[in-house]
Amino acid sequence: MSSKTGLTLYTAGTPNGWKASILLEELGIPYRVHAIAMAKNEQKEPWFIKINPNGRIPAIVDHDEGDLPVFESGAIMIYLAEKHGKFLPTNPRSKAEVISWLMFQMAGLGPMQGQAAHFVRFAPEQIEYGIKRYTNETKRLYGVIEKALSDGRQWLAAGEYSIADIANFSWMYVHQMAGISLDDLPHVQAWMQRIEERPAVRRGIDVPEPFDKAAMQDPKKVQETIDMVRKFTGTHKSEL
């Protein structure tokens, strides 16, 4: 057991990483940040595999709980929200609503948008079936949120801002990378603006390094990101 106290977040600047860092900022608790060098495959090193056997970010170690490791972004969110008594209701009905929308992101929106971004931006070849399959499903999932918000609610679940909002927002914040437009989703746009305006959210998005949202509108910078990811994942045409 280490002599550290508090909490360490192991993360990178991705939607899943932001889910943890935004929540930590919202909770206002002190934490250390260890930026994982994914381009160097640091997340596969033996020391990190002891924290997360799956070798993925984010992960946390709660030093106040005997160096307890918690991995998977949704599990981290539930653990922290329950431990600190915020952003996850204790009433069974309200809690179920929040967990349902959290799982909607974990099982649906995140995986589908991730695949859409891969086929739209990062695949070495343009595969029309893959592009249509995953972008259409991601659009459908965005539509589910649009319909839910159209009843006048401000937040996704239980009438309050929660980990469900943070989780879904973190992925939808980079919708452009998956070729998804928000033009026909006015309620989603308003909901996302409410979340983005929260100071803790802005701070969380800049963990572990500042994120330049405007760069997503710059074709040159987008291409630089694509080239970096392709090199990391081994999907450059020149490497096939």
If every non-hydrogen atom of Asn52 is compared with every non-hydrogen atom of Ala59, which pair is closest and at what distance? CB-CB, 4.4 Å
For Arg153 and Gly159, indicate whether the former's side chain and the latter's backbone hold a donor-acceptor pair under 3.5 Å. no
Measure the shortest side-chain to side-chain distance between Arg202 and Pro199 over non-hydrogen atoms and say whether it is less than 4.5 angstrom. yes
Given Ile76 and Lys19, is the side-chain contact (heavy atoms from CB on, under 4.5 Å) satisfied, shown in steps? CA-CA 9 Å; Ile76 292 169; Lys19 287 159 65 176; over 6 Å; no
How far does CE of Met106 sit from CG of Asn168, to the nearest 0.5 angstrom? 11.0 Å
Would you name the heavy atoms of Thr11 and Pro58 that are closest together and state the gap between them? OG1-CB, 4.2 Å
For the pair Asp64 (side chain) and Gly6 (backbone), establish whether a donor and an acceptor sit closer than 3.5 Å, ignoring hydrogens and angles. yes
Do Lys139 and Ser181 have side-chain heavy atoms sitting under 4.5 Å apart? no
Asn16 and Ile57: which non-hydrogen atoms are nearest, and at how many Å? CB-O, 4.3 Å
Tyr10 vs His34 aromatic rings, parallel, tilted or perpendicular, using cut-offs 30° and 60°? tilted
Taking all non-hydrogen atoms of both residues into account, name the closest pair between Ala81 and Leu23 and its distance. N-CD2, 4.4 Å
Would you please test Phe169 and Leu156 for side-chain contact (heavy atoms from CB on, under 4.5 Å) and show each step? CA-CA 10 Å; Phe169 167 85; Leu156 279 177; over 6 Å; no
When you measure from the side chain of Glu25 to the backbone N and O of Val201, does any donor-acceptor pair fall under 3.5 Å? no
CH2/Trp155 to CD/Glu97 distance, rounded to the nearest 0.5 angstrom? 16.0 Å
Report yes if some heavy atom in the side chain of Phe87 is under 4.5 Å from a heavy atom in the side chain of Leu27; otherwise report no. yes
Parallel, tilted or perpendicular, judged at 30° and 60°: which one describes the rings of His175 and Tyr142? perpendicular
Do Ile51 and Val61 pass the side-chain contact (heavy atoms from CB on, under 4.5 Å) test, and can you show the C-alpha distance, the side-chain angles, and the key distance before you say yes or no? CA-CA 8 Å; Ile51 296 171; Val61 172; 4.0 Å; yes
Does any N or O in the side chain of Trp18 come within less than 3.5 Å of the main-chain N or O of Ile205, such that one atom is a donor and the other an acceptor? yes
All heavy atoms of Met38 vs all of Ala12, minimum pair found to be SD-CB, 3.5 Å
Any side-chain heavy atom of Lys4 within less than 4.5 Å of one from Arg32? yes
If we count only N and O atoms by modelled type, under 3.5 Å, do the side chains of Gln193 and Glu197 hold a donor and an acceptor together? yes
Measuring only between side-chain heavy atoms, which start at C-beta, is Arg56 closer than 4.5 Å to Lys44? yes
Is there side-chain contact between Glu82 and Lys95, with heavy atoms separated by less than 4.5 Å? yes
Hey, could you give me the OG/CD1 distance between Ser94 and Ile99, rounded to the nearest 0.5 Å? 11.5 Å
With heavy-atom distances below 4.5 Å as the criterion, would you say the side chains of Leu88 and Leu102 are in contact? no
Counting only N and O atoms by type, is there a donor-acceptor contact under 3.5 Å from the side chain of Asp206 to the main-chain atoms of Arg203? no
How many angstroms lie between CG in Leu7 and CG in Asp67, if you round to the nearest 0.5 Å? 10.5 Å
From the list Lys86, Gln154, Glu26, Arg194, side chain to side chain donor-acceptor pair (under 3.5 Å) partner of Tyr161 resolves to Glu26
Ser170 OG to Ile163 CD1 distance, which is reported to the nearest 0.5 Å: 11.5 Å
Kindly check if the number of other-residue, nucleotide or ligand heavy atoms within 6.0 Å of CG (Asp184) is above 12? no
Report whether Leu24 and Phe71 are members of the same hydrophobic cluster (ILVMFWY, side-chain heavy atoms less than 4.5 Å apart, transitive linking). no
Report whether Ile36 and Ile49 are members of the same hydrophobic cluster (ILVMFWY, side-chain heavy atoms less than 4.5 Å apart, transitive linking). no
List the steps, then state whether side-chain contact (heavy atoms from CB on, under 4.5 Å) holds for Leu80 with Tyr31. CA-CA 12 Å; Leu80 291 173; Tyr31 64 100; over 6 Å; no
For Gln176 and Tyr173, the nearest pair of non-hydrogen atoms, with its separation, is OE1-O, 3.8 Å
Roughly how far, to the nearest 0.5 Å, is the CG atom of Leu141 from the CE atom of Met172? 9.5 Å
With a 4.5 Å heavy-atom cut-off, do Tyr79 and Glu72 have their side chains touching? no
